[in-house]
Novice: 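Just passing along the structure, written as structure tokens.
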Amino acid sequence: MKNIMVTGGCGFIGSVFIRTMLLDSDFKGRIINVDKLTYAGNPDNLADIAKTIPGRYVFIKADICDAEPISHAFDAYQIDAVCNFAAESHVDRSIVAPGAFIKTNIGGTFNLLEIARRNLDRLVLFHHVSTDEVYGSLGDSGLFTEQTPYRPNSPYSASKAASDHLVRAYSKTYGMPVTISNCSNNYGPYQFPEKLIPLMILNALENRALPVYGDGSNVRDWLYVKDHCLAVWEIMKNGTRGETYNIGGRYEMANIDTVNMVCDLLDKIKPRDDQSSRRELIEFVKDRPGHDLRYAIDSSKLENELGWAPLESFESGLKKTIQWYLDSSQWVERVKSGEYLKWVEQHYKE
Ligand code: NAD
Ligand code: TYD
């Protein structure tokens with residue numbers, strides 16, 4: 001793999017993947033980052049990379065649903081691998097407005113596959129980044145394995161499931177070299193504060209309410225974002241073509257315990273003026289419709305076949321994450337004020 005097209009590289013996980021690949025891996029080639037820069041795509045996430053190693057990093061503002069710019073980038077940069085992170089990624093938004101999820105997650109993946117198919121002679125790999133949410137919800141016991149049937153419950157997870165099926169079909173039908181990864185909930189630096197952990201950190205710092213859906217007993221299995229990125233690169237290099245790999249950190253937590261932990265760590269690192277506990281900010285609010293009860297990933301295939309293991313525990317990763325949000329006040333301010341979006345508008349007005 002010499003010229004990897006990374007889609008959605010200005011988002012949370014994509015930006016950490018690109019930084020890891022260029023600064024902290026054995027990859028020696030070039031990354032071509034294709035991102036539409038939706039509200040979730042923030043050029044600030046990679047500003048340092050764009051400045052320090054321009055020779056190995058190219059940014060193209062484009063929609064993965066559009067054939068012309070993607071096709072052109074394939075030719076211009078001799079793309080031999082794709083790593084598809086681009087997606088609409090937030091479940092709550094998919095409940096309110098599912099259209100963009102269908103368009104980007106299904107239509108965009110289809111468009112990428114079609115262009116990759118036209119370049120099959122050069123293509124080494126199409127890696128598709130997906131989620132454990134395609135498997136639906138677990139009861140109190142059991143784990144998702146690669147054999148668990150797909151039973152998505154939200155428009156987000158249904159759109160991701162459809163895209164996974166398309167990628168698999170291109171492998172079976174056209175012999176395309178593909179791999180798919182289904183990962184559990186990520187957290188870490190650069191995560192947009194609509195997702196549980198960054199929302200709780202930033203609200204708690206401003207003494208605002210911490211909205212916990214339902215009774216807080218829903219369980220998520222957390223993985224530090226860099227561990228996810230290292231797993232994706234390991235699968236891209238050594239994963240069996242045509243196969244799916246589950247990625248998870250074996251850190252199941254009920255949401256209320258996660259929120260309590262965020263409060264307690266913040267209280268230790270940056271106590272409130274009156275020394276009171278931030279737990280008092282927690283408010284139980286109306287539950288999310290179709291709220292999946294529990295996710296838990298069995299990642300033994302990845303561990304046994306490829307020797308991957310997470311480097312961070314939930315506690316060490318959460319400490320690092322909280323510290324990053326405390327240290328990154330400029331990033332936080334530009335996200336909260338929407339300044340980064342204004343910059344994109346001005347910079348790209350044709
Ligand atoms: P994100 O919302 O932070 O970033 C998505 C990125 O995709 C943004 O930069 C956005 O601008 C870009 N994008 C959206 N629509 C696009 C389009 N039509 N064309 C080009 N770019 C477009 O998402 P994330 O949390 O970084 O997730 C990345 C991928 O990982 C997604 O495919 C998601 O399904 C998957 N995933 C996420 C998690 C998680 O916990 N966040 C867990 C497992 C899998
Ligand atoms: P989220 O970060 O949206 O990820 P996902 O829905 O993909 O798992 O939510 C994680 C869990 O936290 C999920 O069970 C919903 C819950 N949640 C809250 O309780 N309050 C919130 O404000 C948010 C955003 C999520």
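Remember, it's a predicted structure, so these values are computed and weren't measured experimentally. Counting starts at 1 for both ligands and their atoms, in listed order.
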Novice: Look at atom 3 (O) of ligand 2 and find which of Arg288, Glu283, Glu194, Arg93 reaches it with the closest heavy atom.
Specialist: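 Result: the heavy atom closest to atom 3 (O) of ligand 2 is in Arg288.
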Novice: Measure up the Tyr190 and Trp324 rings against each other and bin them: parallel (under 30°), tilted (30 to 60°), perpendicular (over 60°).
Specialist: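 Rings of Tyr190 and Trp324: tilted, as their planes differ by 30° to 60°.
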Novice: Which bit of Tyr156 is near ligand 1, meaning a heavy atom under 4.0 Å away: side chain, backbone, both or neither?
Specialist: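 The part of Tyr156 near ligand 1 is the side chain, not the backbone.
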Novice: Can Phe85 be said to touch ligand 1, with heavy atoms closer than 4.0 Å?
Specialist: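 The answer is yes, since Phe85 has a heavy atom less than 4.0 Å from ligand 1.
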Novice: Taking the inter-plane angle between the rings of Trp331 and Tyr325 on a 0 to 90° scale, is it parallel (under 30°), tilted (30 to 60°) or perpendicular (over 60°)?
Specialist: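 Rings of Trp331 and Tyr325: perpendicular, over 60°.
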Novice: Quick check on contacts: which atoms of ligand 1 are under 4.0 angstrom from a heavy atom of Leu37?
Specialist: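 In order of numbering, the contacting atoms are 11 (O).
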Novice: Working to the nearest 0.5 Å, report the span between NZ of Lys160 and CD of Glu133.
Specialist: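 The NZ atom of Lys160 sits 10.0 Å away from the CD atom of Glu133.
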Novice: Counting each atom of ligand 1 from 1 as listed, which ones have a heavy atom of Gly8 under 4.0 Å away?
Specialist: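 The atoms of ligand 1 under 4.0 Å from a heavy atom of Gly8 are 6 (C), 7 (O), 9 (O), 12 (C).
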Novice: Provide, to 0.1 Å, the distance between atom 42 (C) of ligand 1 and the closest protein heavy atom, together with that atom's residue and name.
Specialist: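 For atom 42 (C) of ligand 1, the nearest protein heavy atom is Ser184 O, 3.3 Å.
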Novice: Nearest to atom 13 (C) of ligand 2 by heavy atom, Gln191, His291, Met200: which?
Specialist: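 Selected option, by shortest heavy-atom distance: His291.
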Novice: Tell me the contacting part of Lys160 for ligand 1: side chain, backbone, both, or neither, using a 4.0 Å heavy-atom threshold, strictly below.
Specialist: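 Side chain only.
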Novice: Between ligand 2 and Tyr295, is the shortest N or O to N or O distance under 3.5 Å?
Specialist: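 Between Tyr295 and ligand 2, no N or O pair is found under 3.5 Å apart.
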Novice: Using a 4.0 Å cutoff against the non-hydrogen atoms of Asn185, which atoms of ligand 1 qualify?
Specialist: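 It comes down to these atoms of ligand 1: 40 (O).
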Novice: Checking a contact table here: which protein heavy atom is nearest atom 4 (O) of ligand 1, and how many Å away?
Specialist: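 For atom 4 (O) of ligand 1, the nearest protein heavy atom is Gly11 CA, 3.4 Å.
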Novice: Strictly below 4.0 Å, N to O, side chains only: are Asp264 and Arg279 in salt-bridge contact?
Specialist: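 Salt bridge: yes.
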Novice: Could you check which of Ser130, Gly41, Cys183 puts a non-hydrogen atom nearest to atom 44 (C) of ligand 1?
Specialist: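 The residue whose heavy atom sits nearest atom 44 (C) of ligand 1 is Ser130.
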Novice: So which atom in Ser171 and which in Val178 form the shortest heavy-atom distance, rounded to 0.1 Å?
Specialist: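 Reported closest heavy-atom pair: CB-CG2, 3.5 Å.
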Novice: Quick one: look at Asp132 and ligand 1, take heavy-atom pairs under 4.0 Å, and tell me if it's side chain, backbone, both or neither.
Specialist: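 It is neither part, as no heavy atom is under 4.0 Å.
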Novice: Short N/O distance, under 3.5 Å, between Glu133 and ligand 2?
Specialist: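 Yes; at least one N/O pair falls below 3.5 Å.
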Novice: Out of curiosity, Tyr156 OH to Asp92 CG, how far, rounded to the nearest 0.5 Å?
Specialist: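 The distance works out to 12.5 Å.
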Novice: Short N/O distance, under 3.5 Å, between Arg220 and ligand 2?
Specialist: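 Yes.
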